[in-house]
Amino acid sequence: MNFEDFSLDPRISAGIKIAGYSIPTPIQEQAIPIVLEGRDVLGIAQTGTGKTAAFVLPILQRLTQGKLRVVRALIVSPTRELAEQTHQAIKSLGKKTKIRSVTVYGGVNKNRQVEALRRGAEIIVACPGRLLDIVSDGNIDLSQVEVLVLDEADRMCDMGFLPDIRRIIKLLPKERQTLFFSATMPKDIRKLADTILNNPATVQIGMIAPANTVSHALYPVPFALKKNLLFAMLKNTATGRVLIFTRTKRRARFLARDLDKQRYRVSALQGNMSQNARQRAIDGFRNGKYDILVATDVASRGIDVSDISHVINYDMPDTIDAYTHRIGRTGRVDQSGEAFTFASPDDSPMVREIEKTLKTRIERRRFPEFNYNGFRPENQFQGQRSNQPRKKLSHPKNGSRNGTSQRNKGYTA
Ligand code: AMP
């Protein structure tokens, strides 16, 4: 199948060429014809599958007909980064059309957004809080919305946006097309989808399992040696762009500082940074100013940088969803990538969870050029295949004492 099969407006086909897409990804193949028909869609797909274009292209097609400068499509995103990424996709795919998109999210000047809305746009890409804020000021008219997209619905739920989403839906015409995208389908998300979708077609791509272009490996390491292992790895591995995840904003900040001291071209990306500083970090990563970005989960949502060679989970993610999202940052579409996860003994329950859910055993590796100081990585996480009962792990001497979790004691980066 190719893009011509969708019979899109020639101006949109020109945008696809500009974006450099040659063939549709599986989710685009499945979803675009259904969305073009006007049906509601429940899309179960993670970032990295091409899901943004899967809804943007048919929306652009719809908007090439009918009124201009009236808000006819609303895309709701959990984070500013994802909203910005979607907005950029619309700009590039819709470059040859007259369709305009406006972003609406917090942390930046509200008046500019209101001015952009006044100038007129057909698409709003918004985060829930600022959208409701501007609506309550009377500066957005949502009465003509024909298509609603809820993107990364599971993440919005995790971030506590569910009540806001319900409020937003009440502001929209009942007669509309709704496209609902989520990487996972926990109970509350399923319930929300059931209440707002009308006879939806379900499109499911690679539920939960990360893109198969990614090779995963687990590096057992005592908590206290993580930083040294990372330094050894960066020194001895051929990498391109590297995205490192930490559990907390503070740890992202400190680790970026320590890498900077080692003369790496690195930036942090975490929620305490201003929107401008975050954008500078993402842009710098994209345009090659930085080789390494040290990010937290929330701040990293929607980083649209295509050729990330390595994702390193410096800290184990809290949830399986976070694991698949992080890993989804590498190996995008037709590229391959490597994902390394540092696992200290306290992380064994999460390792088991991930393996059970992904129904696969992640390869354990020892980094040959690293002095483990007597720690035997090959003895950690052994035999914990997904279907086996839990085993108690022994704690290394330099790990946590008395079995007390390091996590509970707070981190020292
Ligand atoms: P998404 O899952 O929407 O975040 O898309 C992931 C990445 O794939 C983005 O960098 C897109 O620009 C890119 N992409 C989307 N569709 C295609 C396609 N058909 N061919 C190549 N790259 C694509």
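One-based numbering, in listed order, for ligands and for the atoms of each. By convention here, the first residue in the shown sequence is residue 1.
Less than 4.0 angstrom separates some heavy atom of G50 from each of these atoms of ligand 1: 1 (P), 2 (O), 3 (O), 5 (O), 15 (C). Of all atoms in ligand 1, listed by their number and element, those nearer than 4.0 Å to a heavy atom of Q85 are 4 (O). Of all atoms in ligand 1, numbered sequentially from 1 with element shown, those under 4.0 Å from a heavy atom of T52 are 1 (P), 3 (O), 4 (O).
Which of F55, Y21, F3 comes nearest to atom 17 (C) of ligand 1 through a heavy atom is settled by distance: it is Y21.
Between the side chain of S182 and the main chain of D154, a donor-acceptor pair closer than 3.5 Å is present. Put simply, the side chain of S309 gets close to the backbone of G240: a donor and an acceptor are under 3.5 Å apart.
Ligand 1 lies less than 4.0 angstrom from a heavy atom belonging to I23.
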Under 3.5 Å, which donor-acceptor pairs do the side chains of residues 69-77 form with other protein atoms, sequence neighbours left out?
from : atom 1 : to   : atom 2 : distance (Å)
R69  : NH1    : K98  : O      : 3.1
R69  : NH1    : E122 : OE1    : 3.3
R69  : NH1    : E122 : OE2    : 2.7
R69  : NH2    : K98  : O      : 3.3
R72  : NE     : E146 : OE2    : 2.6
R72  : NH1    : Q65  : O      : 2.9
R72  : NH1    : K67  : O      : 2.9
R72  : NH2    : Q65  : O      : 2.9
R72  : NH2    : E146 : OE1    : 3.4
R72  : NH2    : E146 : OE2    : 3.4

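Annotation: side chain to side chain donor-acceptor pair (under 3.5 Å) contacts involving residues 99-109, sequence neighbours excluded, comprise E84-Y105, H87-S101.
Ring pair F181/F55 is tilted by interplanar angle, where 30° to 60° counts as tilted.
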